[in-house]
Amino acid sequence: MAQSVGIKDVARAAGVSVGTVSNVINRPDTVATETRARVLSAIDRLGYVRSESARQLRAGRSRIMGLLVLDMGNPFFVDVARGAERAARKAGLGVMVCNSAESVGEEAEYLSLFAEQRVRGVLLTPADATGRNIDSFRRHGIPFVLVDRVAEGTTECSVSVDDVAGGALAVRHLIDAGHRSLAYVSGPPGFNQVRDRRTGALNALAEAGLGPECLRELPTERLDVAAGRDAGARLLGLADRPTAVFCANDLLALGVLQAMYAAGVGVPDDLAIVGYDDIEFAAAAAVPLTSVRQPAVTMGALAAELLLEETEDSAGRHEHRRVVLQPELVVRRSSLAAR
């Protein structure tokens, strides 16, 4: 294997000091024209490539922003990453995207990796509801912004959506369509989003004069299609099956839809379904899915901009802010049957 060419090799070939080579690379105007030409000729001849990572470590200013999300298999987080990447590129930065897979242990490992790499800052959707991973990471002094989450006990910047309002939008729509017996396929109870969307659903029931017994909760261990199919099978086994189901995200909703299709249960005639996120696949489903839309791209971009604002504030005037965006209900055929 060929050895890489270093700055010392260039200095030796050009007959100058390492400092002179460094000046030619970083401050060419400070070097005499003839000397600069000789160094550049050596660089070209030897094929020297500057180690950007080493330069960043010496300068203490990485050009990489970390992004740690719950599930890169969920198109919602792909859109968040797209928004963050656009904002980072405008500032001349790159984004290192990592996937915790909803695992507290993997989240801790990736946060340690970010600290080792001395990234400029981190955009984080936490998997650890206890906040211990965040507390441990905070000791490194690396700025971070919470995305799609406001963790309890933190003062850092965050960008999220009002999930209580979103849950209310979904269930209010189902109540207006005539449904009085509903299910909530909720996902892991430790996630704030899951709890907030349930709170919104209960609020909508209360507004209509209906009690919490009208909402039957079906928790799942994960927020993916397989978990939705499992919830759908449990729903089919209920003696007094609800007429409508609200799911904590679109992947769960698509899984429920698959289970109903396989069992010959009509959607929306026998069961109305509403999801959450409004991913691209929602509109393309066999029965187009009604969903609560989150502005995922905007969320990622705003989070990256807040992080850039904090890391570029040399005077320390940055003030942490919590940005809360509003959701929007997108009605499609999965919830439109008359009752």
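By convention here, the first residue in the shown sequence is residue 1.
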Counting N and O atoms only, with roles assigned by atom type, does the side chain of [X] sit under 3.5 Å from a partner on the main chain of [Y], one being a donor and the other an acceptor?
X    : Y    : result
T311 : L307 : yes
T30  : R27  : yes
R63  : G92  : yes
R293 : V330 : no
R180 : I175 : yes
S334 : I273 : yes
R36  : V24  : no
R197 : A248 : yes
N249 : L251 : yes
T199 : R195 : yes

Any heavy-atom pair between the side chains of [Y] and [X] that's under 4.5 Å?
X    : Y    : result
P242 : L235 : yes
E312 : R120 : yes
I142 : F137 : yes
V78  : M72  : yes
L182 : R216 : no
I25  : V21  : yes
L124 : I134 : yes
Y184 : P219 : no

Under a single-linkage definition using a 4.5 Å side-chain heavy-atom cutoff for Ile, Leu, Val, Met, Phe, Trp and Tyr, are [X] and [Y] assigned to the same hydrophobic cluster?
X    : Y    : result
L329 : V324 : no
V171 : V164 : no
V159 : V297 : no
V104 : L223 : no
L254 : L236 : yes

Can a donor-acceptor pair be found between the side chains of [X] and [Y] at a distance below 3.5 Å?
X    : Y    : value
Q193 : D163 : no
D250 : S291 : yes
T290 : H173 : no
S103 : S100 : no
H320 : T155 : no

Distance in Å, [X] [atom1] paired with [Y] [atom2], rounded so as to fall on 0.5 Å steps:
X    : Y    : atom1 : atom2 : result
M65  : F144 : CE    : CZ    : 14.5 Å
S112 : E107 : OG    : CD    : 10.5 Å
L174 : S181 : CG    : OG    : 11.5 Å

Taking all non-hydrogen atoms of both residues, which atom of [X] and which atom of [Y] are closest, and how far apart?
X    : Y    : answer
L70  : P126 : CD2-O, 3.5 Å
L111 : V122 : CD2-CG1, 4.5 Å
A87  : E305 : CB-CG, 4.1 Å
P268 : R333 : CG-O, 3.1 Å

One pair to check against salt bridge (Lys or Arg N to Asp or Glu O under 4.0 Å): R138 and D135. What are the steps and the verdict? CA-CA 5 Å; R138 191 182 282 111; D135 289 340; 2.8 Å; yes
Is the CD atom of E34 crowded by more than 12 outside heavy atoms at less than 6.0 Å?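 It does not: E34 CD has 12 such atoms or fewer within range.
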Tell me whether [X] is salt-bridged to [Y], with the criterion being a basic N under 4.0 Å from an acidic carboxylate O.
X    : Y    : answer
R332 : D278 : yes
D176 : R172 : no
E309 : R321 : yes
R82  : D79  : yes

Sort out for me which residue in L123, V147, V97 forms a side-chain contact (heavy atoms from CB on, under 4.5 Å) with V80.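 Going through the options one by one, the only one that passes is V147.
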Relative to the ring of F246, is the ring of Y276 parallel (under 30°), tilted (30 to 60°) or perpendicular (over 60°)? tilted
